[in-house]
Chemist: 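Structure incoming, see below.
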Amino acid sequence: MARSLTENKTRTALFVLVVFGLCSFFYLLGVWQRSGFGRGDSIAAVVNEQTKCLKLPNLNFETHHSASDLLNDTFNSQVKTFEPCDAEYTDYTPCEEQKRAMTFPRDHMIYRERHCPPENEKLYCLIPAPKGYVAPFPWPKSRDYVSYANVPHKSLTVEKAIQNWVHYEGNVFRFPGGGTQFPQGADKYIEQLASVIPITKGKVRTALDTGCGVASLGAYLLKKNVLTMSFAPKDNHEAQVQFALERGVPAYIGVLGSMKLSFPSRVFDMAHCSRCLIPWSGSNGMYMMEVDRVLRPGGYWVLSGPPIGWKIHYKGWQRTKDDLQSEQRKIEQFAELLCWKKISEKDGIAIWRKTLNGKSCPRKQDNSKVAKCELTSESDVWYKKMEACITPLPEVKSVSEVAGGELEPFPQRLNAVPPRIARGFVPGFSVQTYQEDNKLWQKHVNAYKKTNDLLDTGRYRNIMDMNAGLGSFAAVLESPKLWVMNVVPFIADTSTLGVIYERGLIGMYHDWCEGFSTYPRTYDLIHANGVFSLYQNKCKFEDILLEMDRILRPEGAVIIRDMVDALVKVEKIANAMRWETRLADHEGGPRVPEKILFAVKQYWTADSKSRR
C-alpha cells in the first residue's frame with residue numbers, strides 16, 4: 001500500500017508539471033504572435049516594412065496633367081502591365097455598347113437596357129482619355145461650362161439649339177440651363193414647381209428625373225439643396241448623361257423599360273418627367289406603378305409636356321386632340337387607381353401627390369383588378385422584370401400616419417435615426433449600431449484627410465462609394481462642394497440602400513462583376529470599403545479594378561480599405577494599371593490586419609499612350 005501511495009503522488013506531480021508546461025508554452029506562443037513576428041501577422045509586417053505605412057509623402061492629389069514613375073512596388077509583381085485600348089474605345093460603356101444593344105428587341109426599350117459582354121468579349125486594356133483632356137471646371141462653374149476636349153460631341157448643340165440645352169462656344173460647351181419644357185431656364189421652371197411643392201423647406205431632398213437630358217433640372221435643384229438622381233438612355237441624343245456628369249451633376253445611363261429600377265421602394269420625395277417620352281398611359285400603367293413603388297408616401301410626381309396642356313399645344317406636337325385627350329385620360333385613371341391626388345395642373349405642368357398610407361386609400365389595397373406585387377424584399381429588384389402591380393405599403397395604425405415612418409426635413413435627416421433602423425426593418429442594425437457606425441466613419445475620414453487633405457475641399461466633385469453600408473462615409477463628407485453615389489452591392493448580406501435614402505443621400509444597387517452604367521472618366525474619387533473581400537471568388541479582381549480605372553478621371557484618387565491579403569493582390573494590379581499607390585496602416589495601428597490603399601490615376605491620353 002505504501003508503494004501504491006508513492007506511485008499516485010508521482011503521477012499527480014507529473015500531471016501538474018505537464019499542465020504547467022503546456023500553459024507556459026501557449027502563453028509564450030501568444031506573446032510571440034502578438035509581438036508582430038508570429039506567422040499570422042507576417043504578411044502585415046512585411047507590408048508595413050516595405051511600404052513604410054506610416055508615411056505617405058510622395059502621392060500628389062493635385063491636378064497637374066503629368067505623372068511621375070510608380071513610387072512603390074510591394075513584393076515582386078508578376079501582373080502583366082495593362083496596355084491602352086484603341087482610341088475608338090474612348091467613350092466605351094461595356095453594358096450599353098451600341099452594337100450589342102441593336103441585337104435585342106425594341107419593345108419596352110429592352111435594347112436600351114443593360115446588356116453586359118460575356119467573358120470572352122471583355123476588354124482587358126485601359127480606356128484612354130481623348131486627346132487634350134483637361135480637368136473639369138470646379139463647381140459651380142462646371143454646371144455651366146464643359147471643355148469640348150473632354151466630351152467632343154456637338155450633335156446636341158444642333159438638335160436642341162432652340163431648347164437651350166447646350167451651346168458650343170470656342171473650345172467649351174455652355175449650358176444655359178434650358179430644357180425641352182423650360183427653354184427659358186430651369187430656375188423659372190423650379191419656381192413654378194415650388195409654388196406647389198415644398199421644395200425649399202427641406203421636405204423634398206431626393207428626386208428622380210426620368211429622361212433627364214443633360215440634367216439641367218438636377219443641376220439647378222442643387223441650389224435648393226435637392227439631390228436628384230437623373231437618368232437617360234445612351235441613344236441618338238449623343239452623350240447627354242456624359243455631359244451631366246462632366247457638369248458635376250448626379251446621373252447614370254438608364255431607361256424605364258422592362259426591368260425594375262435599381263432602387264428600393266419608398267425612397268424619392270419627388271419624381272419628375274419633362275417630355276421624357278415614356279409611354280405612361282401604356283402597358284396597363286406599369287411605368288406609373290414603378291414610379292409609385294420608388295416614390296415615398298406623400299411624395300410628388302411631376303409631369304410636363306405631352307399630353308399635359310394638349311388643348312394649347314396639340315398643333316405644335318403634331319397630334320390630334322382626341323389622341324392627346326385619350327392619353328391624358330388614361331394617365332388620370334392610373335393615377336386614381338394608385339390613389340395619387342392631383343394637386344395642380346397649370347401652364348403645361350401637372351402635379352400629383354401620393355397618399356400617406358394604404359389605410360387612407362382602401363381601394364388601392366383591395367382592388368381585385370390590379371395585382372399586388374410579391375417582392376421577397378424591397379431590394380429584390382436587380383435584373384428583375386417590371387410588372388403591372390401595386391407595391392403594398394407598410395401597415396399603419398391611423399390614416400394620418402406616414403407608412404414606413406415620417407422623415408425629418410433635410411439637413412436634420414442626415415444624422416437622425418432613419419425610420420428603417422428605428423423600426424427594426426434592417427436585420428443586424430439597431431439605433432446603437434447606427435450611431436456607432438457614424439462615429440466610426442468620422443474617425444476613418446479624419447484619418448483619410450491626414451493623407452489626402454483635399455478630400456472635402458471641392459477638388460473631388462463626383463465621388464463614388466462602391467460599398468456604402470449605411471452611407472456614413474457620404475454623411476461625413478456632405479457638402480455643396482461634392483456629392484456621393486452610394487452603391488450597395490446586390491450580393492451584400494443586408495440591403496441598406498433604403499437607409500441611405502432616408503438620410504437624404506442617393507445611390508443604387510449594382511454588381512461589381514459588371515460594368516457600371518456610366519461613361520468613362522465620370523468620377524473624381526472612388527472609395528471602396530471591403531469590396532474585394534466581398535467579391536473574393538465571385539469575379540476577378542482585374543475586372544473590378546479595370547472598371548474602377550474606366551470610370552475614374554485622369555489624376556483621380558482612389559481609397560481602398562480592406563484586409564491586407566486582398567490589398568497586396570490589388571496593389572499589384574493597380575501598379576500594372578499605371579496607378580501610383582501607397583499602403584497605409586489602419587488608424588488603430590500596424591497590427592490591425594485591415595489596411596488602406598491610397599492611389600492616384602496617372603494622366604495620359606489616347607494620343608500619348610505611354611506614361612508621362
Side-chain angles (χ1 to χ4, degrees), residues 95-96 108-116 205-213 215 217-218 227-235 240-241 244 250-274 276-280 282-297 299-303 334 338 340 354 373-393 404 468 485-490 492 495-502 505-511 514-518:
C95 296
E96 293 86 12
H108 293 294
M109 295 290 285
I110 291 173
Y111 76 120
R112 293 297 185 198
E113 294 180 324
R114 289 174 55 84
H115 303 289
C116 300
R205 165 62 178 176
T206 56
L208 179 69
D209 191 9
T210 55
C212 65
L217 180 74
L227 202 51
T228 306
M229 181 69 87
S230 302
F231 71 84
K234 185 179 180 182
D235 58 13
Q240 52 188 336
V241 169
Y252 73 97
I253 302 170
V255 65
L256 204 57
S258 69
M259 297 291 179
K260 291 181 180 293
L261 295 172
S262 296
F263 313 114
S265 304
R266 300 180 288 107
V267 291
F268 291 104
D269 298 310
M270 182 176 77
H272 174 265
C273 162
S274 174
C276 60
L277 304 180
I278 294 171
W280 300 111
S283 302
N284 296 317
M286 181 174 70
Y287 297 124
M288 291 180 66
M289 292 173 186
E290 180 64 0
V291 170
D292 180 73
R293 182 184 71 81
V294 300
L295 198 60
R296 205 184 305 284
Y300 301 88
W301 186 53
V302 180
L303 178 62
F334 290 132
L338 294 167
W340 293 358
K354 180 177 175 176
C373 299
E374 296 181 3
L375 294 176
T376 56
S377 70
E378 67 171 20
S379 61
D380 187 27
V381 296
W382 184 249
Y383 283 129
K384 292 300 175 69
K385 286 285 186 181
M386 197 185 301
E387 300 175 281
C389 61
I390 294 177
T391 303
L393 292 171
M485 177 68 82
N486 294 281
V487 177
V488 173
F490 95 104
S495 170
T496 53
L497 191 53
V499 171
I500 289 169
Y501 273 93
E502 287 182 340
L505 304 170
I506 58 172
M508 61 194 305
Y509 296 114
H510 183 61
D511 180 3
E514 300 180 356
F516 194 74
S517 291
T518 191

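Quick caveat: nothing in here was measured; it's all calculated off a predicted structure. Heavy atoms only: backbone and side chains are in, while hydrogens, waters and symmetry mates are out.
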Chemist: Apply side chain to side chain contact (heavy atoms under 4.5 Å, CB included) to residues M286 and F334 and explain how you reach the verdict.
Modeler: CA-CA 9 Å; M286 181 174 70; F334 290 132; over 6 Å; no
Chemist: I want to check something: taking the side chain as every heavy atom from C-beta on, are S262 and F490 in contact at a cut-off of under 4.5 Å?
Modeler: no
Chemist: Under the salt bridge (charged side-chain N to carboxylate O under 4.0 Å, His left out) rule, collect the residues that match up with E113, sequence neighbours excluded.
Modeler: none
Chemist: Assess the residue pair K384 and M259 against the criterion (side chain to side chain contact (heavy atoms under 4.5 Å, CB included)); give the C-alpha distance rounded to whole Å, side-chain angles, the decisive distance to 0.1 Å, and a yes or no.
Modeler: CA-CA 6 Å; K384 292 300 175 69; M259 297 291 179; 5.8 Å; no
Chemist: Drop me the distance from L505's CG to N486's CG, to the nearest 0.5 angstrom.
Modeler: 5.5 Å
Chemist: Could you go through the side chain to side chain contact (heavy atoms under 4.5 Å, CB included) check for I253 and R112 one step at a time?
Modeler: CA-CA 9 Å; I253 302 170; R112 293 297 185 198; over 6 Å; no
Chemist: Under the side chain to side chain donor-acceptor pair (under 3.5 Å) rule, collect the residues that match up with S274, sequence neighbours excluded.
Modeler: S304
Chemist: With distance as the sole test, does R266 use its side chain to make a donor-acceptor pair with the main-chain N or O of L393 at under 3.5 Å?
Modeler: no
Chemist: Is it true that a side-chain atom of R114 and a backbone atom of G515 form a donor plus acceptor pair closer than 3.5 Å?
Modeler: yes
Chemist: Mind checking what makes side chain to side chain donor-acceptor pair (under 3.5 Å) contact with D269, not counting sequence neighbours?
Modeler: T206, R296, R413
Chemist: Evaluate side chain to side chain donor-acceptor pair (under 3.5 Å) for S377 paired with S379, printing each intermediate quantity in order.
Modeler: CA-CA 5 Å; S377 70; S379 61; 2.9 Å; yes
Chemist: Which value, rounded to the nearest 0.5 Å, describes the distance between Y300 atom OH and H272 atom NE2?
Modeler: 15.5 Å
Chemist: Under 2.5 Å between the SG atoms: is that true for C276 and C212?
Modeler: no
Chemist: One pair to check against side chain to side chain contact (heavy atoms under 4.5 Å, CB included): I278 and T210. What are the steps and the verdict?
Modeler: CA-CA 8 Å; I278 294 171; T210 55; 3.7 Å; yes
Chemist: Sequence neighbours excluded, which residues qualify as ring-ring contact (aromatic ring centres under 6.0 Å, His included) partners of F263?
Modeler: F268
Chemist: Does any part of the side chain of M229, heavy atoms only, come nearer than 4.5 Å to the side chain of M485, both counted from C-beta?
Modeler: yes
Chemist: Could you list the residues that satisfy ring-ring contact (aromatic ring centres under 6.0 Å, His included) with Y252, not counting sequence neighbours?
Modeler: F231
Chemist: If we only count heavy atoms from C-beta on, is the V291 to L338 side-chain gap below 4.5 Å?
Modeler: no
Chemist: Within a radius of less than 6.0 Å around CG of D380, do more than 12 heavy atoms belonging to other residues, nucleotides or ligands occur?
Modeler: yes
Chemist: For W280, which residues count as a ring-ring contact (aromatic ring centres under 6.0 Å, His included) partner, sequence neighbours excluded?
Modeler: W301
